[in-house]
Structure formats: structure tokens, C-alpha cells
2 protein chains.
Amino acid sequence: MSAIQGARERARTEVTAAIKSEARRQLAEQGAAKLSLRAVARELGMVSSALYRYFPSRDELLTALIIDAYDAVGAAAEGALTTHPGSDPVARWTAVCQAVRRWALAHPHEYALLYGSPVPGYSAPRDTVAPASRVGMALLTVAREARAAGLLRVPDAATWPPSVLADARTLADGLEMELPAPALAGLVAAWAQLFGLLNFELFGQFTNVVEAREEFFAVSVGTLARAAGLCSPEGIAAEDPDAPGYDTVPEDPQARDADAATEIARRFGQAGA
Amino acid sequence: MSAIQGARERARTEVTAAIKSEARRQLAEQGAAKLSLRAVARELGMVSSALYRYFPSRDELLTALIIDAYDAVGAAAEGALTTHPGSDPVARWTAVCQAVRRWALAHPHEYALLYGSPVPGYSAPRDTVAPASRVGMALLTVAREARAAGLLRVPDAATWPPSVLADARTLADGLEMELPAPALAGLVAAWAQLFGLLNFELFGQFTNVVEAREEFFAVSVGTLARAAGLCSPEGIAAEDPDAPGYDTVPEDPQARDADAATEIARRFGQAGA
DNA sequence: CAACAACGAGAGCAGTGCTCTTGCGATGAC
DNA sequence: GTCATCGCAAGAGCACTGCTCTCGTTGTTG
């Protein structure tokens, strides 16, 4: 693989790289749906059929791009871990989230390829799962460090039903990662919710709703971190007890107004499709 | 509009409906990318060019389907409000979320059209924003009721930066809805995060990670509700037995959950390339 | 009834993914 | 050094797609 393997193989890897590069360029410009094998070949000065020597189909080419993109966003997430050291898990979590967001904003079409709707013929091959997990692993790294530092608040096991806890345990086993199942379940939820925020921002759902995207995101992922059990070291610990998510005791159990139901029926009742 | 306006107009609306129906059928079967004007026309026994008398382009047809889908999921959400009355905002929030999830599982490709990556040429026209907001409005309705009942915990204004609070205020003004800005900001975040959970489940990110999807979702959206400030009335809800609703699956007329689950596995499934 | 607009059918254009055959040229065995 | 072999590019071609244009027909309306 690495040795100087004849001029022929070298040419092959070179052409393969050129194809991927040009394809990535078109992907970044017009999105996955408009990525055309013929256009790539045309731009490279070759004929379309020649391209099939390197990628057996358009989907395979797309898969290669997907893997690269997963690696790129994963690298961005991991990079945030090293460029933002420190002992505050919430800050580190936020740094990872913001790195992912920055990458997504810089590569919206590639982001859509990863976290948007699955493409028609796609069937996530084995090769994608490892790169795809890098962002999640980076987030879990923060949680593991927090636990080691005593800054991970593990929710009561009764928070999650046994089936979810079982999932979390098998997941932890598969990852060879020692995290309490309830905490892991909460982290998975936070992981998914993070991409809910990103999707809405990138796919336009925040239009005319949230304009201060950067600030909104920063605060939201901070809240997410605390909801997942991450704690900032000391000082702010005073505020931890009423951190959002868990033991909220309704403060003002004054009773019902309660013809709200009729109000809803009035407002929305006749709106059937 | 409604009067008997000539056989011609009636035929027109009839054909238009037939086209949308057949298009929706193909969309549900193969996804948006494989929706073909020619195939629709073929199935309807007409020639492809005739179809352009009714929809000026494929994108316009897709937009019509998008609007219908937004209305359908919005109606499902609103329906949950009426079929699940009561004074527990968390339970009502959860009911809305589960209605949305059920709809999504039953219509995965239409869901992907709404909340996946934007389609190539699309540019959400004005007509889509009203239907698109119905789910969010249903969630906000829960929050408004909660506030009226004193069951909405409003976070400290310092939680959010002024820019976000300003956004929330203009949003509240635009909606003519009296909700404190900090609470509204949190609700928007929860709204986005809800769809993060749904996207990950529907788009396959939970494969080999979360298998007890139903329970995981129920608990997660309950946590989300509390994070957004919704409170259950009185203290009883603290202890879990019937708490977040994962063992009380509400029966909706459109349920068919098990089928939907296998359905989606089949449609999005991993047919090895 | 006649003028007119809406409509369906068909041909056609430019583009797509993909397959198959053909011929060239570098590689490697003898 | 010669020559068969194999990788590769090129081209033609198939079955599609979205979309446009023209041309008769048909329902509506003045």
C-alpha cells in the first residue's frame, strides 16, 4: 500500500483522488442531488465510462465522500478536545459542539449528506460506521473525563426504563467504555438533540425564528451538557441542584384554568388536512 | 370556489388531486429522489407533457406534497392535544411528541422531505411556512396552557443573551402569543431538539445504539419538556410508575406502531449494496 | 354558432447513470 | 528483447429523466 508500487498504481490513486476532489467540489457547490458522474468526468477531461474504472457506481462515489466527510467532522470535533483543554466538562462539551457547528456551516452540503435524509439507494456500509461515530466518541470522551473528575452527575436509574438501560449497557460494552448506563443514555439523547439544533439551523427551520444563531446555539448546548449530567467544577455547583431536566419540583401548584382545552379546539380544531 | 363551477374546473381539481395522490404514493414508496413526473403520468394513463398543465415543474409538485405533509403532521400534533386533554403539561407535551413520532414512522419518506436535507432546487415558498409551523404551535399551546395554570417555570433572563431574548420577543409578537422571552427561547430549543431525536431514529443513526426506541423517545421528550420549563402538577409525578408515559402508550386512531417500525426498516433498510 | 382558451398527445432536446465493445499502451514473463 | 497480458480510455448505445414546443381536439363563453 505504502511502498512505491509502480507508476501504474500511483497513477490510479492519483486519479482516484482527483475524482474525489472534483466530486467534493461539485458536492460543496450544488449539493449531493446534483452531483453528476458525467460532469465530474467532463471537468477532469475524461469520458464518463472511464470513471467506472475507479468507482463502480455513483453511490459508491457518494459513499466515499460520506466517509471523508464523517472523518472531517470527526476530526474537527476531536480537534476541539485538544485545542480546548481544561477541567470544565461543560466548556469542553461546548467546544466540541461549536467545532461541529463551525464545520457544518463551512460545509453545509456535506453536512446535509451526513445528517440529512438518507440518499435514495444508500445503505450505510460497514465502512461508514467507524468514521460516523467519531463525533459521538468525542462527546463521550468529555463525559468520561468528567466522570473521572467527579463532575458527572449520574441520574437515578429509575429515570430510564430497563430496556433503555440494557441498550446503554451493551453499547458501553461494545465501546469498552465504563460509563453508568443511565448517564450513557442521557448522553445519547443529548448527542441526538445536538444535531436537532444543527439541522434546524442549517436546513432553514430557524428562519424568522432565531436570528442570533451563534448565541442561541452556545446556550442551548450548554444546557444540553448539564441535562446530560456534566457539571462545571465548583462555584457554579450551587446552581446544579436545580439544573434542568431532573428533579424539578413544581413550585406553584396552583390550580387550573382549564378551559384551555376548548380554546385549543377553537384555534386548531377545524384545521384538518 | 365551492360552487359547481362547470365540469371543466371540476375535472381540473379532480385530475390535480389524482396527480398528487399518485405522486404521494410513489413518494411514500421510493422517496422523493425517485419521484418521477413521467412515472406519475404513466401510472395515470396520461402523457408526461399533459402533467405540466397542472404543475409547472417537478419542484412545484414536490412543494405541494410538502405542504400537504406539513399539514398532515401538524394535524397529528394538534389531534394529540384534543385526544389527550388534562392538566399535566408534561403529559400533553409528550402526547404531542409521540403523535409526531407516530406520523413520522408511518410516513418516513414524507418526514424526510420535511425535516431532512432540503431538496436541490427547492426554496421554501411562502405557502409552506404556515403549515410548517403547526407542530411548533401545538407545542407552544401546551406551554401557554402550562403558564396559565402556573405550571411553566420561566428561566432566569440571564440564561439567554439579550440577542436571543430579542429574537424571542419579536417571535412572540409575531405570533401574538404572551410568553416570557426566556421561556420561549427554551421552548424553541426543545422544539429543535425533539426533531433531533426523531431524525436520528428515522435516519438510522440509532442503529446498534438505541434499540428500545419507543421508551427512549418517551423519556427523552419528557426530560425535554421539563428542561423547557414545563412542570407536572403536584408532586406525584416525581415518582416514576406512570411518569413520563413510556408504559402508557396512548391509543391513537392512526397508531399501527409495530407495523410502522418494520415498515421503515424495510424501506430505509440495509440492503447490502 | 363562432371565437377562444384549456387540454391531451406526440415529437424532440439535453441531460443522466450505466453497460459493452474496441483499441491502445505500459507491464511483466519468457 | 519479444510478445502476450492486462489496465485503461474512448466511444456508442440503452433506458431513463425534466422540460419545451407544436398541433389538433374539446369544452366554455360571448
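Within every chain, numbering begins at 1; the chains are lettered A, B, ... in the order of the sequence lines, protein sequences first and strands thereafter.
Whole-Å rounding puts the A:Leu44 CG to D:dC8 C1' distance at 15 Å. Here C:dG17 presents its C1' atom at 12 Å from CG of A:Leu62, a figure rounded to the nearest Å. What separates NZ of A:Lys34 from C1' of C:dA14 is a distance of 14 Å, to the nearest Å. Regarding B:Glu14, its CD atom lies at a distance of 13 Å from the P atom of C:dC7, rounded to whole Å. Residue B:Glu60 contributes atom CD, which lies 12 Å from atom P of D:dT20 at whole-angstrom precision. Remark: P of C:dT19 and CG of A:Leu37 are 11 Å apart, rounded to the nearest angstrom. Look at CE on B:Met46: it is 7 Å from P on C:dA9, rounded to the nearest Å. Rounded to whole Å, atom C1' of D:dG11 lies 15 Å from atom CG of A:Leu51.
Note on B:Tyr54: only backbone sugar-phosphate atoms sit closer than 4.0 angstrom, heavy atoms only; bases stay farther off. Here B:Ser57 lies in heavy-atom contact (under 4.0 Å) with sugar-phosphate atoms only. At a threshold of 4.0 angstrom between heavy atoms, the contacts of A:Leu35 are confined to the sugar-phosphate backbone, with no base atom among them.
Not one side-chain nitrogen or oxygen of A:Tyr52 sits closer than 4.0 Å to the OP1 or OP2 atom of D:dA9. A:Ser36 has a side-chain polar atom (N or O) that falls below the 4.0 Å cut-off from OP1 or OP2 of C:dG17. Between B:Arg42 and D:dT17 there is a side-chain N or O to OP1 or OP2 distance below 4.0 Å. Between B:Arg12 and C:dC7 there is a side-chain N or O to OP1 or OP2 distance below 4.0 Å.
Mapping B:Val15 and A:Pro56 onto DNA chain C via the closest heavy atom, the residue that lands nearer the 5' end is B:Val15. Closest-nucleotide positions on DNA chain D for A:Val47 and B:Ser49 were compared, and the one nearer the 5' end corresponds to A:Val47.
Look at B:Arg24 and B:Glu110 and you find no salt bridge, because none of the NZ, NE, NH1 or NH2 atoms lies under 4.0 Å from a carboxylate O. Using a 4.0 Å cut-off between charged side-chain N and carboxylate O, B:Glu29 and B:Arg25 make a salt bridge. Using a 4.0 Å cut-off between charged side-chain N and carboxylate O, B:Glu211 and B:Arg213 make a salt bridge.
A:Glu22 and A:Gln26 are linked by a side-chain donor-acceptor pair at a separation below 3.5 angstrom, with hydrogens and angles left out of the test.
In the interface, the side chain of A:Arg38 is not paired with the base of C:dG15 through any donor and acceptor atom under 3.5 Å apart. Side-chain atoms of A:Arg53 and base atoms of D:dG7 include no donor and acceptor less than 3.5 Å apart.
Under the 30°/60° scheme for interplanar angles, the aromatic rings of A:Phe195 and A:Tyr115 are found to lie parallel.
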